[in-house]
Enquirer: 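Dumping the structure here so I can ask a few things about it.
Start at 1 with the first residue, then count along the sequence.
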Amino acid sequence: AVGLLHDLDYEMFPQEHCIKSARIMEGLGIDSVYIRAVMSHAYGICTDVRPESQMEKVLYTVDELTGLINAACLMRPSKSVLDIEVKSVKKKFRDKSFAAGVNRDTILNGCHMLNMDLDEIIRLTICGMREAAEDIGLKGSL
């Protein structure tokens with residue numbers, strides 16, 4: 001649920017990202033645990049809410065990483081997450097000009113917070129994206 005809500009305000013209020021989301025969710029009576037998680041996903045970018053719970057740390061890390069994986073998938077002939085491998089994503093991760101809007105430091109900070117290495121986070125994120133490949137438009141031609 002937090003993953004679905006985390007960018008609730010971004011398109012309408014990009015300058016007040018997360019702040020508007022918090023107000024909207026508070027008005028709807030959404031649990032403060034979820035509101036805090038949404039706020040923490042933009043830690044160091046537009047909020048000072050540091051990720052503390054496992055859910056917050058995962059959202060903080062994977063939000064940026066899914067953007068990189070998505071871009072990498074779209075560059076593939078198959079346009080699919082179903083055939084991408086960790087090695088391919090790592091190559092794109094190292095290329096700072098590829099998906100330049102993806103904050104690699106956020107991903108690395110998240111790995112540190114989760115006490116996991118980058119390869120494992122990439123692998124788990126790819127697996128999660130594969131489960132939803134059709135829903136997220138990355139089934140491609142496979």
Side-chain angles (χ1 to χ4, degrees), residues 1-26 28 30-142:
V2 173
L4 294 172
L5 291 172
H6 81 282
D7 281 339
L8 173 70
D9 62 357
Y10 190 74
E11 286 187 29
M12 291 183 63
F13 308 103
Q15 301 307 105
E16 298 176 85
H17 182 44
C18 296
I19 307 305
K20 285 284 190 179
S21 287
R23 291 183 192 140
I24 293 166
M25 291 187 292
E26 286 167 356
L28 295 171
I30 293 176
D31 191 301
S32 62
V33 170
Y34 300 118
I35 296 170
R36 188 181 192 298
V38 166
M39 295 290 289
S40 73
H41 96 276
Y43 173 66
I45 299 167
C46 58
T47 77
D48 60 357
V49 179
R50 182 175 174 76
E52 293 176 358
S53 72
Q54 188 76 359
M55 174 178 57
E56 292 169 355
K57 292 172 185 177
V58 168
L59 181 61
Y60 170 79
T61 307
V62 172
D63 183 37
E64 289 294 309
L65 183 54
T66 55
L68 180 74
I69 294 170
N70 187 78
C73 290
L74 294 176
M75 297 301 295
R76 299 175 67 73
S78 67
K79 308 270 192 260
S80 178
V81 71
L82 300 175
D83 64 346
I84 199 162
E85 298 298 330
V86 171
K87 180 173 79 170
S88 300
V89 175
K90 288 259 317 239
K91 184 176 180 183
K92 297 298 187 187
F93 183 91
R94 288 188 293 270
D95 179 357
K96 304 296 186 213
S97 64
F98 180 80
V102 172
N103 188 325
R104 280 127 169 105
D105 289 337
T106 296
I107 297 168
L108 293 173
N109 289 339
C111 290
H112 179 72
M113 287 179 187
L114 290 164
N115 198 27
M116 296 174 72
D117 78 7
L118 180 60
D119 286 14
E120 183 64 2
I121 298 262
I122 292 171
R123 185 188 70 73
L124 290 169
T125 304
I126 289 171
C127 288
M129 292 174 76
R130 283 179 179 166
E131 288 180 24
E134 191 162 352
D135 293 333
I136 62 174
L138 289 178
K139 185 175 180 189
S141 60
L142 295 178

Enquirer: Count the heavy atoms belonging to other residues, nucleotides or ligands that lie under 6.0 Å from NZ of Lys96, then report whether that count exceeds 12.
Expert: yes

Enquirer: Would you indicate whether the side-chain heavy atoms of Ile35 and Asp31 approach each other to under 4.5 Å?
Expert: no

Enquirer: So, taking the atom named CD in Glu52 and the one named OH in Tyr60, what distance separates them when rounded to the nearest 0.5 Å?
Expert: 13.0 Å

Enquirer: Show your reasoning for whether side chain to side chain contact (heavy atoms under 4.5 Å, CB included) applies to Tyr43 and Val49.
Expert: CA-CA 6 Å; Tyr43 173 66; Val49 179; 5.6 Å; no

Enquirer: Does a side-chain heavy-atom distance below 4.5 Å link Thr61 with Met113?
Expert: no

Enquirer: Do the non-hydrogen side-chain atoms of Ser21 and Met39 ever get within less than 4.5 Å of each other?
Expert: no

Enquirer: Between Val33 and Met55, which heavy-atom pair has the shortest distance, and what is it?
Expert: CG1-CE, 3.8 Å

Enquirer: Check whether any side-chain heavy atom of Phe98 lies under 4.5 Å from a side-chain heavy atom of Met75, and answer yes or no.
Expert: yes

Enquirer: Do the side chain of Asn109 and the main chain of Asp105 share a donor and acceptor less than 3.5 angstrom apart?
Expert: yes

Enquirer: Say you draw a straight line from CD1 of Ile84 to CD1 of Ile69; how long is it, rounded to the nearest 0.5 Å?
Expert: 7.0 Å

Enquirer: Could you grab the distance from atom CD1 of Ile19 to atom OG1 of Thr47, nearest 0.5 Å is fine?
Expert: 7.0 Å

Enquirer: Nearest 0.5 Å please: distance from the CD1 atom of Ile122 over to the OG atom of Ser88.
Expert: 10.0 Å

Enquirer: Report yes if the side chains of Glu56 and His41 come closer than 4.5 Å at any heavy-atom pair, otherwise no.
Expert: no

Enquirer: Rounded to the nearest 0.5 Å, what's the gap from CD on Glu64 to CG on Leu59? Could you check?
Expert: 10.5 Å

Enquirer: Show me, pair by pair, the donor-acceptor contacts under 3.5 angstrom made by side chains of residues 131-139, not counting sequence neighbours?
Expert:
none

Enquirer: Would you say that Val102 contacts Ile107 through its side chain, given a criterion of any heavy-atom pair below 4.5 Å between the two side chains?
Expert: yes

Enquirer: Do you know which two heavy atoms are closest between Met116 and Leu124, and how far apart they sit?
Expert: CE-CD1, 3.5 Å

Enquirer: Can you tell if the side chain of Lys57 reaches within under 4.5 Å of the side chain of Pro51, non-hydrogen atoms only?
Expert: yes

Enquirer: Measure across Cys18 and Ala42 and return the closest heavy-atom pair with its distance rounded to 0.1 Å.
Expert: SG-CB, 3.6 Å

Enquirer: Take Arg23 and Glu26, measure what salt bridge (Lys or Arg N to Asp or Glu O under 4.0 Å) needs, and give me the verdict at the end.
Expert: CA-CA 5 Å; Arg23 291 183 192 140; Glu26 286 167 356; over 6 Å; no

Enquirer: Over all heavy atoms of both residues, which pair between Ala71 and Ala99 is shortest? Give the atoms and the distance, please.
Expert: CB-CB, 4.0 Å

Enquirer: Does any non-hydrogen side-chain atom of Leu68 lie less than 4.5 Å from one of Arg104?
Expert: yes

Enquirer: Please report the interatomic distance CG(Leu118) to CD(Glu120), rounded to the nearest 0.5 Å.
Expert: 10.5 Å

Enquirer: Can you check side chain to side chain contact (heavy atoms under 4.5 Å, CB included) on Ser40 and Arg36, steps first, answer last?
Expert: CA-CA 6 Å; Ser40 73; Arg36 188 181 192 298; 4.2 Å; yes

Enquirer: Could you go through the side chain to side chain contact (heavy atoms under 4.5 Å, CB included) check for Gln54 and Leu114 one step at a time?
Expert: CA-CA 7 Å; Gln54 188 76 359; Leu114 290 164; 3.6 Å; yes

Enquirer: Looking only at heavy atoms, which two atoms of Leu82 and Ser80 are closest? And how far apart?
Expert: N-OG, 2.9 Å

Enquirer: Dump the intermediate steps for side chain to side chain contact (heavy atoms under 4.5 Å, CB included) on Asp117 and Ile121, then the final yes or no.
Expert: CA-CA 6 Å; Asp117 78 7; Ile121 298 262; over 6 Å; no

